[in-house]
Amino acid sequence: MLKKILSLIVFSAMAVAYNAWAQFIDLSGNNPAIKEYVEASPENWNRPIMYVFYSNRYCYQCVKAMDMIYNIYEENYANTMSLFEINYTLDDEYQFRLDYNLSQPISIVIVRIRDGISQGYYKIDNPQEWTDDPFYFKQNIMTQINNFLLQ
């Protein structure tokens with residue numbers, strides 16, 4: 001009995017550790033969208049992806065947040081990263097929902113691509129909560145993106 005309890009505790013700890021780790025390590029290397037992206041052009045072999053995922057859920061600040069995210073992308077990342085806006089609640093986008101654990105009105109997912117392979121991702125949930133302070137919004141998002149890409 002004690003052996004079963006210990007096994008259950010170890011399994012639970014491993015599951016918690018795996019979930020924390022999966023936030024940064026992209027285990028979806030066979031994701032058809034990433035494979036298609038990399039195969040589309042030789043320059044995509046080392047070009048990160050910025051996904052902006054949104055849902056059909058009503059969100060008061062979401063339109064403003066999407067506009068601010070797009071401006072950040074255009075001013076800072078347009079030459080170095082590809083941007084895709086995706087409604088993850090559509091049936092065709094179910095794999096994204098699974099791969100990136102999407103459930104918020106807006107999530108920004110940065111996928112690092114090296115040598116044609118996904119090397120991990122970083123997710124920023126609910127940026128719409130920061131739209132009241134445009135300076136903080138921009139600095140917070142850029143800091144998180146830059147820190148992840150420099151790893």
Side-chain angles (χ1 to χ4, degrees), residues 11-12 14-151:
F11 178 78
S12 297
M14 287 174 54
V16 169
Y18 174 78
N19 285 337
W21 181 67
Q23 172 72 20
F24 302 102
I25 304 299
D26 186 1
L27 301 176
S28 66
N30 293 325
N31 181 317
I34 292 176
K35 190 173 186 169
E36 182 180 326
Y37 168 77
V38 168
E39 292 175 353
S41 170
E43 70 183 37
N44 292 348
W45 271 65
N46 291 300
R47 187 177 173 103
I49 301 170
M50 175 189 281
Y51 288 118
V52 180
F53 293 107
Y54 60 95
S55 69
N56 289 335
R57 210 176 339 161
Y58 175 75
C59 169
Y60 178 72
Q61 295 290 349
C62 285
V63 172
K64 183 177 180 180
M66 294 290 281
D67 186 48
M68 293 169 78
I69 292 166
Y70 185 75
N71 287 337
I72 290 170
Y73 172 78
E74 283 296 312
E75 292 172 7
N76 302 283
Y77 302 108
N79 294 327
T80 60
M81 190 181 313
S82 297
L83 172 73
F84 299 98
E85 293 180 19
I86 299 173
N87 180 345
Y88 72 85
T89 60
L90 300 175
D91 289 340
D92 294 350
E93 310 305 346
Y94 182 73
Q95 190 63 46
F96 286 117
R97 204 171 344 164
L98 291 176
D99 289 345
Y100 303 117
N101 192 24
L102 301 170
S103 62
Q104 303 304 315
I106 298 179
S107 292
I108 301 169
V109 175
I110 307 301
V111 179
R112 183 176 28 234
I113 306 290
R114 290 194 183 136
D115 298 324
I117 299 171
S118 171
Q119 297 291 317
Y121 73 89
Y122 185 78
K123 181 170 71 166
I124 304 168
D125 279 334
N126 295 313
Q128 72 277 4
E129 295 176 1
W130 311 319
T131 57
D132 290 338
D133 185 347
F135 178 79
Y136 177 79
F137 184 95
K138 182 177 182 177
Q139 291 305 310
N140 190 25
I141 288 178
M142 288 182 60
T143 298
Q144 290 186 62
I145 291 171
N146 293 340
N147 286 344
F148 173 68
L149 291 176
L150 292 175
Q151 292 179 354

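Please read all numbers here as calculations on a predicted model, not as lab measurements.
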Q: State, yes or no, whether a side-chain contact exists between Y88 and V109 at a heavy-atom distance under 4.5 Å.
A: no

Q: Mind running side-chain contact (heavy atoms from CB on, under 4.5 Å) on D115 and N46 for me, showing each step along the way?
A: CA-CA 6 Å; D115 298 324; N46 291 300; 3.9 Å; yes

(Q) Among residues at least two apart in sequence or on other chains, which ones pass side-chain contact (heavy atoms from CB on, under 4.5 Å) with T143? (A) N147

Q) Between Y51 and Y100, what is the ring plane arrangement, given parallel below 30°, perpendicular above 60°, and tilted in between? A) tilted

Q) Looking at L90 and R97, what are the two nearest heavy atoms and their distance? A) O-NH2, 3.9 Å

Q. Say you draw a straight line from CG of N126 to SG of C62; how long is it, rounded to the nearest 0.5 Å?
A. 8.0 Å

Q. How far apart are the C-alpha atoms of N71 and K138, what are their side-chain angles, what is the distance that settles it, and do they pass the side-chain contact (heavy atoms from CB on, under 4.5 Å) test?
A. CA-CA 9 Å; N71 287 337; K138 182 177 182 177; over 6 Å; no

(Q) Does M68 form a side-chain contact (heavy atoms from CB on, under 4.5 Å) with I141? I'd like the steps, not just the answer. (A) CA-CA 10 Å; M68 293 169 78; I141 288 178; over 6 Å; no

Q: Could you tell me which non-hydrogen atom of Q128 sits nearest to which non-hydrogen atom of T131, and how far apart they are?
A: O-OG1, 3.2 Å

**Q.** Non-hydrogen atoms of R47 and S82 that approach each other most closely
**A.** NE-OG, 3.0 Å

Q: Taking the side chain as every heavy atom from C-beta outward, state whether W45 and I113 have any atom pair closer than 4.5 Å.
A: no

**Q.** Separation between CG of N101 and OG of S107, rounded to the nearest 0.5 Å
**A.** 9.0 Å

Q: Please work out which of the three classes, parallel, tilted or perpendicular, describes the rings of F84 and Y37, given edges at 30° and 60°.
A: perpendicular

Q. For the atom pair CD (Q61) and CG (D132), what is the distance rounded to the nearest 0.5 Å?
A. 5.5 Å

Q) Quick one: does N87's side chain have a donor or acceptor within less than 3.5 Å of a partner on S55's backbone? A) no

Q: Enter the distance from Q104:CD to K123:NZ here, rounded to the nearest 0.5 Å.
A: 7.5 Å

(Q) Tell me whether the count of non-hydrogen atoms from other residues, nucleotides or ligands lying under 6.0 Å of OH in Y94 goes above 12. (A) no

Q.
To the closest 0.5 Å, what do you measure between CD1 (I117) and CZ (R112)?
A. 13.0 Å

Q: Could you check if a side-chain atom of E85 sits within less than 4.5 angstrom of a side-chain atom of I69, using non-hydrogen atoms only?
A: no

Q. Could you give the distance from CD1 (I34) to CZ (F96), rounded to the nearest 0.5 Å?
A. 7.5 Å

Q) Closest approach of M142 and N76, non-hydrogen atoms and distance? A) CE-OD1, 3.4 Å

Q) Given L102 and E93, is the side-chain contact (heavy atoms from CB on, under 4.5 Å) satisfied, shown in steps? A) CA-CA 11 Å; L102 301 170; E93 310 305 346; over 6 Å; no

Q.
Could you check whether any side-chain heavy atom of I124 comes within less than 4.5 Å of a side-chain heavy atom of I145, counting everything from C-beta outward?
A. yes

Q. Taking C-beta and beyond as the side chain, do R57 and T89 meet within less than 4.5 Å on heavy atoms?
A. no

Q) How would you list, by chain and number, every residue that makes a side-chain hydrogen bond (donor to acceptor under 3.5 Å, both in side chains) with E74, sequence neighbours excluded? A) Y70

Q: Return the set of residues passing side-chain hydrogen bond (donor to acceptor under 3.5 Å, both in side chains) with Y77 (not counting sequence neighbours), or none when no residue passes.
A: N146

